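One-based numbering, in listed order, for ligands and for the atoms of each. Only a predicted model underlies this, so the values are computations on that prediction, with no experimental measurement involved.
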Amino acid sequence: QQAEWATLLNEKTISKDGVQVELAANIGSPNDLEGVLRHGGEGIGLYRTEFLYMGRDNLPSEEEQFTAYKTVLEGMEGKAVVIRTLDIGGDKNLPYLPLQEEMNPFLGHRAIRLCLEYQDIFRTQLRALLRASNYGNLKIMFPMIATLQEFRDAKAILSEEKENLLAKGVEVSEIEIGIMVEIPSTAVMADIFAKEVDFFSIGTNDLIQYTMAADRMNEKVSYLYQPYNPAILRLIKMVIDAAHKEKKWAGMCGEMAGDEYAVPLLLGLGLDEFSMSATSILKTRSLIKHLSVADMRTLATEALQLTTSDEILDRVKQAVH
Ligand code: PEP
Ligand code: MG
């Protein structure tokens with residue numbers, strides 16, 4: 001098996017019936033690049049920039065961020081790099097940014113909500129990203145978008161910073177602007193969002209938690225954390241269909257994208273990009289090579305008619321073994 005995976009290192013990811021998808025990697029720092037290339041990553045589907053801000057006692061400067069983003073873009077040599085703006089709050093806090101104690105941090109003031117309030121922090125990051133755009137194929141993604149207004153506000157701030165840079169004679173490349181779909185309201189409204197965003201990346205780690213109202217860290221309710229729950233699959237389908245209707249692409253950067261029993265369903269639902277930990281890429285490329293998208297479409301259609309998570313998982317296992 002390992003030997004087969006090695007032959008797939010520089011291959012594209014193509015199903016048995018000739019449909020191509022992209023297998024990208026999730027990273028937390030430029031140090032992860034080496035692993036991405038060693039495992040055959042076709043791009044970066046999620047760069048979690050919050051790690052640049054954590055484990056220190058002050059904010060990273062624009063220059064420091066610019067260097068990190070440029071390093072990743074250059075290292076990927078023109079392959080797509082999706083960089084997510086700061087997703088702090090929830091379980092991730094910054095010691096130098098004293099945030100209020102919250103009753104429900106995961107439902108609180110985090111990610112884009114915080115960036116839209118502390119605009120200095122947000123604008124610094126956006127300037128670093130815009131300047132870095134000249135060094136590769138950058139796509140910018142906003143986390144925890146719950147309403148279209150948030151997306152429009154974030155995009156307007158980005159446009160302002162871009163105009164300011166251009167006015168100063170700084171070059172900026174064309175950049176796709178997308179959102180994480182990790183809040184049910186956004187999945188439900190995907191048809192509306194799809195008219196304004198360039199792409200979606202489904203964040204199932206949070207989407208499952210918020211859809212099932214089950215804390216992703218709480219073992220007591222982990223039985224409710226069900227990637228194969230029909231409610232989750234329906235939301236995923238809505239997002240992918242909405243994207244395709246507007247000729248946009250839909251990816252996934254939650255853990256589900258690298259799950260061997262979720263991949264057949266996602267392939268059948270038409271997912272375009274799968275972003276996962278680098279170590280899962282070759283295994284997943286091999287799996288997809290042996291699956292027919294036409295068959296997986298039938299499987300997904302059947303799965304969507306089933307009633308429980310267990311039934312769906314059993315059906316997938318039957319189909320792929
Ligand atoms: C997600 O929610 O699925 C996701 C990829 O983001 P994070 O795990 O960083 O919250
Ligand atoms: Mg998330």
Which is closest to [atom] by heavy-atom distance: [options]?
| atom | options | value |
| --- | --- | --- |
| atom 1 (C) of ligand 1 | Leu46, Asn205, Ile208 | Asn205 |
| atom 10 (O) of ligand 1 | Asp206, Thr204, Leu207 | Asp206 |
| atom 4 (C) of ligand 1 | Met256, Glu50, Met180 | Met180 |

- request: Tell me which N, O or S atom of Glu182 sits nearest to the Mg ion (ligand 2).
  value: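 The nearest such atom is OE1.
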query: Can Trp249 and Glu22 be counted as having a side-chain donor-acceptor contact under 3.5 angstrom?
result: no
message: For Asn164 and Glu160, which I'm curious about, is there any donor-acceptor pair between the side chains at under 3.5 Å?
response: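 There is no such pair between these side chains.
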- prompt: Given Leu130 and Glu161, is the side-chain contact (heavy atoms from CB on, under 4.5 Å) satisfied, shown in steps?
  reply: CA-CA 8 Å; Leu130 287 161; Glu161 291 302 328; 3.8 Å; yes
message: Tell me the contacting part of Met252 for ligand 1: side chain, backbone, both, or neither, using a 4.0 Å heavy-atom threshold, strictly below.
response: neither
- prompt: Under 4.0 Å from ligand 1, counting heavy atoms only, is it the side chain of Glu255, its backbone, both or neither?
  reply: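 None of Glu255 does.
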field: Note: Glu255-Arg216 ion pair, threshold 4.0 Å (strictly below)
entry: no
Can you list the atoms of ligand 1 that are under 4.0 Å from a heavy atom of [X]?
| X | result |
| --- | --- |
| Arg48 | 4 (C), 5 (C), 6 (O), 7 (P), 8 (O), 9 (O) |
| Arg216 | 2 (O), 7 (P), 8 (O), 10 (O) |
| Cys253 | 5 (C) |

message: Is it the case that the side chain of Ser133 and the backbone of Ser173 share a donor-acceptor pair, with hydrogens and angles ignored and the cut-off at 3.5 Å?
response: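 A pair under 3.5 Å: yes.
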message: Keeping Glu64 on the side-chain end and Pro60 on the backbone end, is there a donor-acceptor pair under 3.5 Å?
response: no
Proximity flag Gln209 to ligand 1, non-hydrogen atoms under 4.0 Å: no
- request: Please verify whether a non-hydrogen atom of Met144 lies at under 4.0 Å from ligand 1.
  value: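 Heavy atoms of Met144 never come under 4.0 Å of ligand 1.
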field: Among Arg123, Lys70, Arg131, the one residue meeting salt bridge (Lys or Arg N to Asp or Glu O under 4.0 Å) with Glu62
entry: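 The salt bridge (Lys or Arg N to Asp or Glu O under 4.0 Å) with Glu62 is passed solely by Arg131 among Arg123, Lys70, Arg131.
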Which residue and heavy atom of the protein sit nearest atom 6 (O) of ligand 1, plus the separation: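 Its nearest protein heavy-atom neighbour is Arg84 NH1, 3.0 Å.
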message: I'd like to know if the Mg ion (ligand 2) has an N/O/S atom from Asp206 within less than 2.8 Å of it, counting both backbone and side-chain atoms.
response: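 For Asp206, the answer is yes, given that an N, O or S atom comes within less than 2.8 Å of the Mg ion (ligand 2).
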Candidates Ser275, Ser280, Ser277 - the one meeting side-chain hydrogen bond (donor to acceptor under 3.5 Å, both in side chains) with Asn26: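 It is Ser275, the one option of Ser275, Ser280, Ser277 that forms the side-chain hydrogen bond (donor to acceptor under 3.5 Å, both in side chains) with Asn26.
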message: One pair to check against salt bridge (charged side-chain N to carboxylate O under 4.0 Å, His left out): Arg297 and Asp17. What are the steps and the verdict?
response: CA-CA 12 Å; Arg297 227 175 263 143; Asp17 54 347; over 6 Å; no
